[in-house]
*Asks:* 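The structure follows.
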Amino acid sequence: MTNATRLSIALISGVLVSAGCASLTPAPRPLPSPLTGFAAAQRTFDFRTIQVPGAKRTIASGIDDAARIVGAFDDSVGTHGFLLANDRFTTLDFPGAAWTAALGIGAHGEIVGTYRMPGEPTVNFHGYLRTADGQFQHVDSPAHKNTIAQRILPDGTILGCRHGDDFGASMRGAVLPARNYSETTANASMHNGATPDLRRIVGLYNYAPADRSAAYVIDDGKFTPLVVPGSTATTAWDVNPAGEIVGSYRDSIGVHGFLLTNNGFVAVNAPSAANTRVFGINAGGSLVGSFDAGGRTSGFVATPSRAGR
């Protein structure tokens, strides 16, 4: 199995960071720094490692308000999605698929993600919805070859992206299904989360001329790039109902998670980790993601500590 086929989160992030694109989208502006009035917020977390038994690597990608967690893992057979609820893992495989990842979980227990069928090229991704009673359904964006279903809102609206035979110029962040269909004009973009009223949408995109990745925030239709100061790449992966944004950024030291709130910016690093990525947040402020330590990638859930709130 190649690195490109392992886990959708790592794959999509890496491809978008390196993909080329046109220069029509405005270059991102850095977040204000503490020196210019942007305060570094104080918040601490209690971390718990998530490892699917027998997995070579585990990534946690979404969490709901009941602390149910979804993600993906590699084993000797391939890549599968998982649901972790009440300390019990359930493996998720789209019927007939060679590769499956679970990316988001909704308020009613619905799960969205992506899969690939046997023999398909690694650029191919198809969206799915797994209903609360365990039934799989296709999720497709109109008239486009590939769809990634990233998040699902309480009313059933799905966010993600669509693309053709590349992750570059053809990739656009999208709101699904067809009755709500819309997409961003940003190049190589992906919607990764939204508040329940869709007034705030977050995601990632590539911009020229440096072919770098940046996060974005769309507030009431206004597109604003988002870059952590000093970073070479920034991605926004989720937002909770309060509008708190989580994601990851890369600098000269490595990869770090972040939390952006009305009170300021919090860098998130799992203890003793070489790299940390934050992919999901729930209404209570609990985070999920992955970290690299000891030559292994593991998932985590980070719960706000009482002293850090």
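All values below come from the heavy atoms of this structure, side chains included, with hydrogens, waters and symmetry mates left out.
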*Asks:* For Y115, enumerate each residue passing the ring pair (Phe, Tyr, Trp, His ring centres under 6.0 Å) test, keeping only those at least two apart in sequence or located in another chain.
*Replies:* F94, H126

*Asks:* Contact between I218 and T224 at the side-chain level, heavy atoms closer than 4.5 Å - yes or no?
*Replies:* no

*Asks:* Evaluate the side-chain contact (heavy atoms from CB on, under 4.5 Å) criterion for residues V239 and E244: first the C-alpha distance (whole Å), next the side-chain angles of each, then the deciding distance (0.1 Å), finally the verdict.
*Replies:* CA-CA 5 Å; V239 58; E244 297 179 321; 5.8 Å; no

*Asks:* Taking the six-membered ring for Trp, is the centroid-to-centroid distance between F73 and H80 below 6.0 Å?
*Replies:* yes

*Asks:* What distance do T235 atom OG1 and N192 atom CG have between them, rounded to the nearest 0.5 Å?
*Replies:* 7.5 Å

*Asks:* Could you report the tightest heavy-atom contact between A236 and I245, atom names first, then the distance?
*Replies:* CB-CG2, 4.0 Å

*Asks:* Below 30° counts as parallel, above 60° as perpendicular, anything between as tilted: where do the rings of F82 and F89 land?
*Replies:* perpendicular

*Asks:* Assess whether side-chain contact (heavy atoms from CB on, under 4.5 Å) is satisfied between F258 and V268, documenting all intermediate values.
*Replies:* CA-CA 5 Å; F258 73 82; V268 179; 5.6 Å; no

*Asks:* Counting N and O atoms only, with roles assigned by atom type, does the side chain of Y128 sit under 3.5 Å from a partner on the main chain of I148, one being a donor and the other an acceptor?
*Replies:* no

*Asks:* Measuring only between side-chain heavy atoms, which start at C-beta, is S213 closer than 4.5 Å to L204?
*Replies:* no

*Asks:* Please name all residues satisfying side-chain hydrogen bond (donor to acceptor under 3.5 Å, both in side chains) with S141, sequence neighbours left out, ordered by chain then number.
*Replies:* T147

*Asks:* Should the pair K56-D75 be classified as a salt bridge under the 4.0 Å nitrogen-to-oxygen rule?
*Replies:* no

*Asks:* Are F265 and L226 grouped together when hydrophobic residues (ILVMFWY) are joined by side-chain heavy atoms under 4.5 angstrom apart?
*Replies:* yes

*Asks:* Tell me whether S248 contacts the main-chain N or O of V278 through its side chain, where contact means a donor paired with an acceptor under 3.5 Å.
*Replies:* yes

*Asks:* Looking at S170 and D165, what are the two nearest heavy atoms and their distance?
*Replies:* OG-N, 4.4 Å

*Asks:* Answer yes or no: are there more than 12 heavy-atom neighbours, outside H138 itself, under 6.0 Å from its atom NE2?
*Replies:* no

*Asks:* Only pairs at least two apart or in different chains count here, so list each salt bridge (Lys or Arg N to Asp or Glu O under 4.0 Å) that has a residue in residues 286-295.
*Replies:* R277-D292

*Asks:* Measure up the W99 and F125 rings against each other and bin them: parallel (under 30°), tilted (30 to 60°), perpendicular (over 60°).
*Replies:* perpendicular

*Asks:* Look at atom CG of D133 and say whether more than 12 heavy atoms of other residues, nucleotides or ligands are closer to it than 6.0 Å.
*Replies:* yes

*Asks:* Please examine the side chains of V301 and L287, heavy atoms only from C-beta on, and report whether any two atoms are closer than 4.5 Å.
*Replies:* no

*Asks:* So, does H108 use its side chain to make a donor-acceptor pair with the main chain of P154 at under 3.5 Å?
*Replies:* yes

*Asks:* Going by salt bridge (Lys or Arg N to Asp or Glu O under 4.0 Å), name the residues that satisfy it together with E183, two or more places apart in sequence or in a different chain.
*Replies:* R162

*Asks:* Taking C-beta and beyond as the side chain, do Y249 and T232 meet within less than 4.5 Å on heavy atoms?
*Replies:* no

*Asks:* Find out whether I105 and I63 are in side-chain contact, i.e. whether some heavy atom of one side chain is under 4.5 Å from a heavy atom of the other.
*Replies:* no

*Asks:* What residues form a salt bridge (Lys or Arg N to Asp or Glu O under 4.0 Å) with D219, not counting sequence neighbours?
*Replies:* R200

*Asks:* Any chance you could measure F136, atom CZ, to L92, atom CG, to the nearest 0.5 Å?
*Replies:* 5.5 Å

*Asks:* To the nearest 0.5 Å, what is the distance between CG on L159 and CG on L198?
*Replies:* 6.0 Å

*Asks:* What distance separates S189 OG from F223 CZ, expressed to the nearest 0.5 Å?
*Replies:* 7.0 Å

*Asks:* Looking only at atom types and distance, does a side-chain atom of T234 sit under 3.5 Å from a main-chain N or O of A215, one as donor and one as acceptor?
*Replies:* no

*Asks:* Run the side-chain hydrogen bond (donor to acceptor under 3.5 Å, both in side chains) test against S298 and tell me which residues pass, sequence neighbours left out.
*Replies:* Q51

*Asks:* What heavy-atom pair brings I201 and A194 nearest, and what distance separates the two atoms?
*Replies:* CG1-CB, 3.9 Å

*Asks:* Listed by chain and number, what are the side-chain hydrogen bond (donor to acceptor under 3.5 Å, both in side chains) partners of D46, not counting sequence neighbours?
*Replies:* none

*Asks:* Can you tell me how far CD1 of I59 sits from OG1 of T79, rounded to the nearest 0.5 angstrom?
*Replies:* 9.5 Å

*Asks:* Taking all atoms of both residues into account, what is the closest heavy-atom pair of T100 and D93, and its distance?
*Replies:* OG1-CA, 3.7 Å

*Asks:* Can you see which heavy atom on I281 is nearest to which on D238, and at what distance?
*Replies:* N-OD2, 3.1 Å

*Asks:* Looking at residues at least two apart in the chain, or sitting in another chain, which of them share a salt bridge (Lys or Arg N to Asp or Glu O under 4.0 Å) with D64?
*Replies:* R68

*Asks:* Name all residues meeting the side-chain hydrogen bond (donor to acceptor under 3.5 Å, both in side chains) criterion together with D87; count only those two or more places apart in sequence or in a different chain, and write none if there are none.
*Replies:* none

*Asks:* Which residues pass the side chain to side chain contact (heavy atoms under 4.5 Å, CB included) test with A98, not counting sequence neighbours?
*Replies:* P118

*Asks:* Which heavy-atom pair separates S290 from T297 by the least distance, and what is that distance?
*Replies:* CB-CG2, 4.1 Å

*Asks:* I need the R151 CZ to W237 CH2 distance, nearest 0.5 Å.
*Replies:* 8.5 Å

*Asks:* Can a donor-acceptor pair be found, under 3.5 Å and without considering hydrogens, that links the side chain of T58 to the backbone of V52?
*Replies:* yes

*Asks:* For the rings on Y207 and Y216, is their centre-to-centre separation under 6.0 Å?
*Replies:* no

*Asks:* Could you go through Q150 and M190, starting from their C-alpha distance and side-chain angles, then the distance that decides it, and tell me whether this counts as side-chain contact (heavy atoms from CB on, under 4.5 Å)?
*Replies:* CA-CA 9 Å; Q150 182 76 12; M190 182 173 180; 3.0 Å; yes

*Asks:* Could you pull out all residues at least two apart from R199 that satisfy salt bridge (Lys or Arg N to Asp or Glu O under 4.0 Å)?
*Replies:* D220

*Asks:* Please determine whether residues F45 and F291 belong to a single hydrophobic cluster, defined as Ile, Leu, Val, Met, Phe, Trp and Tyr linked transitively by side-chain heavy-atom distances below 4.5 Å.
*Replies:* yes

*Asks:* Mind checking who shares a hydrophobic cluster with I152, ILVMFWY linked at side-chain heavy-atom distances under 4.5 Å?
*Replies:* V112, L129, V139, I158, L176, Y181

*Asks:* Do S231 and D251 have a side chain donor and acceptor closer than 3.5 Å?
*Replies:* no

*Asks:* So do the side chains of T261 and V266 get within less than 4.5 Å of each other, counting heavy atoms only?
*Replies:* no

*Asks:* Within the 4.5 Å heavy-atom criterion, are L84 and V70 side-chain neighbours or not?
*Replies:* no

*Asks:* Taking side chain as C-beta onward, heavy atoms only, is R130 less than 4.5 Å from E110?
*Replies:* no

*Asks:* Would you confirm whether T276, through its side chain, and A270, through its main-chain N or O, come within 3.5 Å as a donor-acceptor pair?
*Replies:* yes

